[in-house]
Amino acid sequence: MKSYTAVTYLLSVGVATAFQPSVVSRQVLRPIKTQAYKQSSTSLSSSIAADEDVATIQILMSDTGGGHRASANALRDAFNVLHETEPDRFPLKIHCDIVDIYTDYGPFFPYNEYVALYKIMAEYSFLWKWFYEFGSTPLGLWLNDFMLELTCFEPFQECLTRNPFDSSKNDKRADMVVSVHPLCQDLPLKILSSLDSNGASRSEGRVTPFVTVVTDLGGAHPTWFNEGVDKCYVPSDVLKNAAMDRQVRENQIVQYGLPIRRGFWRFGADYTGSPEEQDEATEMEGVHHKPTIREKLGLKDLTTVLIVGGGDGMGGIIAQAQAVGEKLQSLAVSKNESYQMVVVCGNNKAAQSTLSPPQTNWGSNIEVSVQGFVNNMDEYMRASDILITKAGPGTIAEASICGLPCILSSFLPGQEEGNVPYVEENGFGTYKGSVEGMAETVQEWLASPSKLEQMRDNALVAARPDATLDIARDLADMVYVRREELKKGGGTSSKKEIGKPKTKTIAYGMGPF
């Protein structure tokens, strides 16, 4: 009953609140700065001191799923790598202030409980479907827009004015703001307009660069797209069209791919040295040498099926592992061969315990490794031949870089639904909604090595291993230009300028806008 009470209350506050936009009035509301707030997400460019000549970027997100923080961290890592490996082009360090704006600055329920509510709705997908679809309607967008601006303008303004080096102070703003979450476009843009125009307008006068980096893949909620952004980075043709449907102009849209974790960049090349010192052919050969990776992970050198439950271990991973394990055992006996299964349970300790001996005896003909949360998913993917996973965009993008055929086990309605045709149309996987279907597909693919090889090749064609660094280069160029503007005194727009035609063209290394 507790979960339904929470959802009912959320409905009463403003149904579409789980998805975004904006409008009118404001109240003075201050967030309660708890210990979690004080230790919040933030910066992590560890060696940077506040008095250095450093560019600063605030990255807005919410931990509703692991992909948003992973994308923010990937961009942070990319800025550090670019400064180290391309110092002539990127001489200034870039300090990232990564903040879960809803958890840390949401004034009250439901805003400060989005993470918990996400987990409830992800478990009961019909709830997610209802909220997602209603939040996409004109009424839902307007209602959420109205409620957000009414209740969150002041708290979120405190977030956007916080010192990137010390979140307890509001004496220095970030040079640039980046959103990696669908709930972080409309209201932050209004707040920046208000700040940059000295309170004269919430719709005009913004000079602080603002960029959206979309972290969905085959489909996205309308709240990802706001025509007022400077640039909108999308990973696919489908999302480019979705952005244009929301009046984002084509010259605002950049299509590289998804920002992904460092272990998946350029097939795992070492970026600690200069690019010219790297032997990429040798690097790639080593990365794709499965026996070497399997030995490093303590695995046998056998055909391997990887089952992933995500960071929260959601998605019926116990039933999936049991069905696939039984199928592999049957195949091993009938073909007189051996197979291997790796199950990554994430933070689902109950699943990890259930699938591990002595609670589960897998038999002598298959090797089984049951893991909890791992930080080296790139190695486990490269050690495997088939992946079973929910249709999360980040996992799919990472699997394609590893040339790993995918069996998609589930998806969130709306948000992840478009990822299924993305995988199927690109020819490196399929969707199976039942554990029996997953196990039978594993059997079918293992019986056809040529089909597996073709899907592997298709996955590599769809891969975008350079996307993170490409996005980071563009953002670094933009923030460098902003730094120069600030040095020349171009930090705000005067009230007299508000309402005048905008004729200034700013070049941020990617063309004018």
Side-chain angles (χ1 to χ4, degrees), residues 64-71 74 122 125 180 182 213-221 224 233-240 242 255-265 267-268 305-315 317 320 342 344 346 374 377-433 438 441-442 445 452 454-468 471:
T64 50
H68 303 294
R69 185 175 294 277
S71 294
S125 60
V180 293
V213 179
V214 181
T215 60
D216 281 320
L217 186 60
H221 198 270
W224 269 113
Y233 288 84
V234 298
S236 64
D237 292 337
V238 172
L239 295 198
K240 178 180 179 180
Q255 184 175 334
Y256 287 141
L258 281 179
I260 52 173
R261 291 173 285 188
R262 183 172 177 170
F264 295 92
W265 300 352
F267 301 95
V305 178
L306 173 63
I307 303 177
V308 175
D312 294 319
M314 295 187 296
I317 195 169
Q320 293 170 19
V342 177
V344 178
V374 300
M377 184 59 72
D378 56 309
E379 294 179 324
Y380 279 101
M381 284 193 180
R382 291 187 173 106
S384 303
D385 300 282
I386 296 172
L387 171 67
I388 299 176
T389 179
K390 71 185 291 287
T395 304
I396 291 170
E398 292 167 351
S400 69
I401 289 170
C402 297
L404 186 57
C406 300
I407 299 172
L408 303 179
S409 58
S410 62
F411 57 84
L412 286 176
Q415 179 177 341
E416 295 177 344
E417 195 168 350
N419 298 339
V420 174
Y422 177 87
V423 169
E424 292 179 339
E425 290 168 11
N426 280 287
F428 64 98
T430 188
Y431 168 75
K432 296 296 177 181
M438 297 171 209
T441 302
V442 167
W445 288 2
L452 265 182
Q454 182 60 58
M455 285 192 291
R456 176 186 178 279
D457 291 343
N458 293 342
L460 292 173
V461 169
R464 298 293 181 266
D466 295 322
T468 310
I471 295 170

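Residue numbers count from 1 along this sequence.
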- Test side-chain contact (heavy atoms from CB on, under 4.5 Å) applied to Ala383 - qualifying residues, sequence neighbours left out: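 side-chain contact (heavy atoms from CB on, under 4.5 Å) check on Ala383 returns Ile293, Arg294, Leu297, Leu299.
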- Message: Suppose we screen for side-chain contact (heavy atoms from CB on, under 4.5 Å). Which residues come up paired with Ala399, at least two apart in sequence or across chains?
- Response: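 Ala399: side-chain contact (heavy atoms from CB on, under 4.5 Å) contacts with Met381, Leu387, Leu404, Cys406.
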Any [X] side-chain heavy atom under 4.5 Å of [Y] side chain:
{"X": "Gln454", "Y": "Pro405", "answer": "no"}
{"X": "Arg464", "Y": "Pro235", "answer": "no"}
{"X": "Val213", "Y": "Ser71", "answer": "no"}
{"X": "Ile307", "Y": "Met438", "answer": "no"}

Which heavy atom of [X] sits nearest a heavy atom of [Y], and at what distance?
{"X": "Gly403", "Y": "Ala459", "answer": "CA-CB, 3.8 Å"}
{"X": "Cys402", "Y": "Arg382", "answer": "SG-CG, 3.6 Å"}
{"X": "Leu217", "Y": "Ser236", "answer": "O-OG, 2.6 Å"}
{"X": "Val238", "Y": "Gly218", "answer": "CG1-O, 3.4 Å"}
{"X": "Ala463", "Y": "Ile401", "answer": "CB-CA, 3.6 Å"}
{"X": "Ala397", "Y": "Ser400", "answer": "O-OG, 2.7 Å"}

- Query: For Lys240, what residues pass the salt bridge (Lys or Arg N to Asp or Glu O under 4.0 Å) criterion, not counting sequence neighbours?
  - Reply: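 For Lys240, the residues satisfying salt bridge (Lys or Arg N to Asp or Glu O under 4.0 Å) (neighbours in sequence not counted) are Glu250.
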- All salt bridge (Lys or Arg N to Asp or Glu O under 4.0 Å) counterparts of Arg261, not counting sequence neighbours: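 Result, salt bridge (Lys or Arg N to Asp or Glu O under 4.0 Å) vs Arg261: Glu398.
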- Item | Listed once per pair and sorted, the salt bridge (Lys or Arg N to Asp or Glu O under 4.0 Å) pairs that draw on residues 402-430, sequence neighbours left out |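 Passing the test, one end in residues 402-430: Lys390-Glu416.
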Which residues pass the side chain to side chain donor-acceptor pair (under 3.5 Å) test with [X], sequence neighbours left out?
{"X": "Thr64", "result": "His181"}
{"X": "Asp237", "result": "Gln255"}
{"X": "Asn426", "result": "none"}
{"X": "Asp216", "result": "Trp224"}

How far does [atom1] of [X] sit from [atom2] of [Y], to the nearest 0.5 angstrom?
{"X": "Thr389", "Y": "Gln320", "atom1": "OG1", "atom2": "CD", "value": "8.5 Å"}
{"X": "Phe428", "Y": "Leu460", "atom1": "CZ", "atom2": "CG", "value": "10.0 Å"}
{"X": "Arg456", "Y": "Ile386", "atom1": "CZ", "atom2": "CD1", "value": "13.5 Å"}
{"X": "Phe264", "Y": "Asp378", "atom1": "CZ", "atom2": "CG", "value": "5.0 Å"}
{"X": "Ile471", "Y": "Leu258", "atom1": "CD1", "atom2": "CG", "value": "7.5 Å"}
{"X": "Gln415", "Y": "Ser125", "atom1": "CD", "atom2": "OG", "value": "12.5 Å"}

- Task: Look at the side chain of Thr468 and the backbone N and O of Ile260, then say whether any donor-acceptor pair between them is shorter than 3.5 Å.
- Result: yes
Qualifying ring-ring contact (aromatic ring centres under 6.0 Å, His included) pairs, either residue in [range], two or more places apart:
{"range": "residues 380-402", "result": "none"}
{"range": "residues 383-405", "result": "none"}
{"range": "residues 383-423", "result": "Phe411-Tyr431"}

